[in-house]
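Treat the numbers as computed from the prediction; the structure is a model and nothing was measured. So that the names make sense, note that chain A is the first sequence line, chain B the second, and so on, each numbered from 1.
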Amino acid sequence: MADESRESLEDVRMEKLRKLAELGIDPWGHRFDGHQSIAELRASAPPNEPGADSNAGPTVRVAGRIMLRRGQGKVNFLQIGDWSGRLQVMVGQKQVGENGWKIAELLDLGDIIGVDGRLGYTRTGELTVFAESLTFLTKSLLPPPEKWHGLTDQEQRYRQRYVDLFSNEESLGVFLGRSKVIASFRRTMAEKGFAEVETPTMQSIAGGAAARPFITHHNALDIDLFLRIAPELYLKRLLVGGMERGFEIGRVYRNEGLSPRHNPEFTMFEAYQAYGDYHSMMDLTESLICGAIESIGGGYIRKWGEATIDFTPPWPRRTYAELLAEHAGIDPSDPSAVKARAEEAGVHTAGKDPDVVMSELFEAVVEDRLDGPIFVIDYPAAICPLTKRKTSNPAVAERFELYIRGIELANAYTELNDPNLQEELFRKQLAGQKEEDSMAKMDDDFVRALKHGMPPAGGLGIGIDRLCMVLLDRTTIRDVILFPLMRPEHQ
RNA sequence: GACCGGGUAGCUCAGUCGGUAGAGCAACGGACUUUUAAUCCGUUGGUCCUGGGUUCGAGUCCCAGCCCGGUCACCA
């Protein structure tokens with residue numbers, strides 16, 4: 001015993017594994033058919049009638065990981081968990097027989113087992129499977145985290161997400177919720193007649209957004225490629241091709257810093273609708289997000305951190321100029337007033353385009369106050385090189401961004417389809433700033449595509465991760481990304 | 001990149017004025033056939049993030065570094 005006590009926790013479990021093998025049991029298990037999920041089983045459970053015979057309940061089969069174990073002499077109470085919930089199992093020496101009891105004595109927290117038995121209630125009213133036989137499904141060789149607190153260390157939760165998921169029910173719930181949000185998006189798009197497409201994630205020109213790209217290399221062609229920062233320009237080529245309604249859900253990559261709202265790879269939803277405009281995209285945005293809320297439940301009035309957000313549609317649509325006037329207290333049509341107010345707000349204005357100064361003032365003064373959901377519409381044209389200008393006022397671009405609690409969740413345009421203007425805007429911006437910093441990188445093939453005729457269209461992008469943060473009440477993007485980027489553990 | 005906070009047992013955490021390492025859970029041994037984070041008795045378990053320094057003596061103080069988190073910067 002003294003020798004045994006010096007063994008590691010893993011060694012102790014290895015020893016139990018060996019004993020299982022001696023009993024002729026495969027510690028790594030096999031196919032296990034015909035079990036019900038714990039949630040299904042709870043939903044179909046008969047009511048608890050006092051004095052009912054627990055041996056008369058329905059026969060059931062469940063499978064799951066052992067989350068809690070309470071030994072009580074010749075009976076053990078287990079709590080097993082699957083991805084739908086947790087359930088108590090009673091294992092009695094007499095009830096499971098000699099072999100079953102030998103298995104029961106070798107069980108550890110974290111092991112995965114199958115249980116056949118009758119469903120009933122204990123004298124305290126707890127829904128319980130009274131085990132008649134146990135099937136060993138998988139040995140866990142490492143101890144799970146503390147049973148009450150779970151895994152709380154942020155670093156370990158991200159690095160060992162597999163442990164976080166099985167030990168923190170809330171975490172699993174967030175990712176199942178994320179899955180529902182995405183499924184709901186696909187359903188809504190299908191209902192509206194959109195086709196899902198896939199476009200290149202490796203591109204020779206990283207266009208469609210302003211962000212530093214990751215660079216990779218293709219050996220056979222001996223060319224450098226960029227991981228895409230947006231799918232936009234390819235999806236618009238599809239409009240030219242006659243794909244009238246298309247959308248893509250996929251990963252984009254931006255070589256930038258990490259923060260509670262930024263991960264270098266994240267999931268973008270983009271949709272393009274021929275013969276629509278940015279107002280069509282606002283309607284679509286509301287449908288998509290309201291549909292997602294319906295699918296995850298909880299209603300339109302939702303908690304987010306300390307805040308409460310009311311998603312009841314329709315959401316206000318306010319112009320950029322109005323909001324700037326309201327929050328900055330200036331006349332946005334007066335460039336000198338904008339410049340003075342921007343400097344007051346700490347924005348460096350020297351050598352910058354007046355629209356860029358206005359944009360930075362907006363970010364400094366307005367953004368954080370947009371509790372939302374609110375559509376900010378009609379942006380200064382110079383910061384929108386891919387957007388159609390208003391016919392009535394070419395200084396304004398038909399663009400909106402959706403804000404919630406100061407977070408930009410969606411961005412959409414009436415798409416610019418004039419190839420000559422597009423080419424000019426590419427050249428103008430190229431002349432004015434470093435290519436890397438510009439949204440407008442010259443893309444000759446894209447201009448050629450526009451010359452063939454792209455129908456007037458609305459286009460929309462929604463940041464799926466940020467949407468999930470807001471809908472699933474998480475304040476950091478790492479809580480909605482299964483494996484967020486981390487520095488490697490060992491160098 | 002800057003600033004702030006953190007890093008102690010498998011997990012969750014305490015550690016006073018600088019005096020040589022603690023609890024709960026888990027594990028191991030024992031009691032217990034209706035428990036609910038079961039309970040009760042006993043036992044084991046430590047590179048105190050790393051490397052220097054000060055000191056008779058450092059988990060604790062100082063310096064440098066590593067990793068994580070937060071804020072800012074960056075980032076449409």
Does any donor atom in the side chain of A/Glu248 or A/Thr199 lie under 3.5 Å from an acceptor atom in the other side chain? yes

Is it true that A/Arg389 and A/Glu398 have a side-chain N and a carboxylate O under 4.0 angstrom from each other? no

Give one of base, sugar-phosphate or nothing for [X], where a contact means two heavy atoms less than 4.0 Å apart.
X	value
A/Glu155	sugar-phosphate
A/Leu151	sugar-phosphate
A/Arg159	sugar-phosphate
A/Gly150	sugar-phosphate
A/Glu256	sugar-phosphate
A/Lys147	sugar-phosphate
A/Pro144	nothing
A/Glu401	sugar-phosphate
A/Asp153	sugar-phosphate
A/Arg157	nothing
A/Gln156	sugar-phosphate

Using the [atom1] atom as the reference point in each nucleotide, state the distance between [N] and [M] in Å, no decimals.
N	M	atom1	answer
B/U55	B/G19	C1'	12 Å
B/C11	B/U33	C1'	30 Å
B/C63	B/C56	C1'	22 Å
B/G46	B/G10	C1'	12 Å
B/C17	B/C49	C1'	26 Å
B/C40	B/G24	C1'	16 Å
B/C28	B/A38	P	15 Å
B/C25	B/U44	C1'	15 Å

Selected nucleotide, minimal atom distance to [X] side chain, candidates [options]:
X	options	value
A/Arg478	B/A26, B/G69, B/G24	B/G69
A/Val75	B/A76, B/U35, B/U33	B/U33
A/Glu146	B/A76, B/G24, B/G70	B/G24
A/Leu9	B/A76, B/A26, B/U33	B/A26
A/His262	B/C28, B/C74, B/U35	B/C74
A/Lys16	B/C68, B/G70, B/C28	B/C28
A/Thr122	B/C28, B/U35, B/G69	B/U35
A/Thr152	B/U12, B/C11, B/G69	B/U12
A/Pro145	B/C11, B/A76, B/U35	B/C11
A/Gln95	B/U35, B/A38, B/U33	B/U33

Can you measure [X] atom [atom1] to [N] atom [atom2] for me and round it to whole angstrom units?
X	N	atom1	atom2	answer
A/Arg487	B/C66	CZ	C1'	9 Å
A/Leu109	B/C28	CG	P	10 Å
A/Glu363	B/A73	CD	C1'	13 Å
A/Asp111	B/A26	CG	C1'	13 Å
A/Asp11	B/A26	CG	C1'	16 Å
A/Leu485	B/G69	CG	C1'	15 Å
A/Leu361	B/A76	CG	P	17 Å
A/Arg70	B/C32	CZ	C1'	15 Å

Should [N] form a Watson-Crick or G-U wobble pair with both distances under 3.5 Å, which nucleotide is its partner?
N	answer
B/C17	none
B/G69	B/C4
B/A27	B/U43
B/A64	B/U50

Regarding [N], can its base be found pairing with the side chain of [X] as donor and acceptor, where the two atoms are less than 3.5 Å apart?
X	N	answer
A/Gln88	B/U35	yes
A/Arg123	B/U34	no
A/Arg254	B/A76	no

Around atom [atom1] of [X], are there more than 12 heavy atoms of other residues, nucleotides or ligands at under 6.0 Å?
X	atom1	value
A/Trp83	CH2	no
A/Met14	CE	no
A/Glu326	CD	yes

Set of residues satisfying side chain to side chain donor-acceptor pair (under 3.5 Å) with respect to A/Tyr379, sequence neighbours excluded: A/Glu401

The residue, A/Ser259 or A/Met486, whose nearest nucleotide of RNA chain B is more 5′ is A/Met486

Closest-nucleotide mapping onto RNA chain B: is A/Trp148 or A/Glu367 further toward the 5' terminus? I mean the 5' end. A/Trp148

Output, in order, the C-alpha distance, side-chain angles, deciding distance and verdict of ring pair (Phe, Tyr, Trp, His ring centres under 6.0 Å) for A/Phe400 and A/Phe375. CA-CA 6 Å; A/Phe400 79 75; A/Phe375 292 109; 5.0 Å; yes

Compute the centroid of each ring, for A/Phe226 and then for A/Phe214, and state whether the two points are separated by less than 6.0 Å. no

Flag the pair A/Phe269 / A/Phe185 as yes when their ring centroid distance falls below 6.0 Å, and as no otherwise. yes

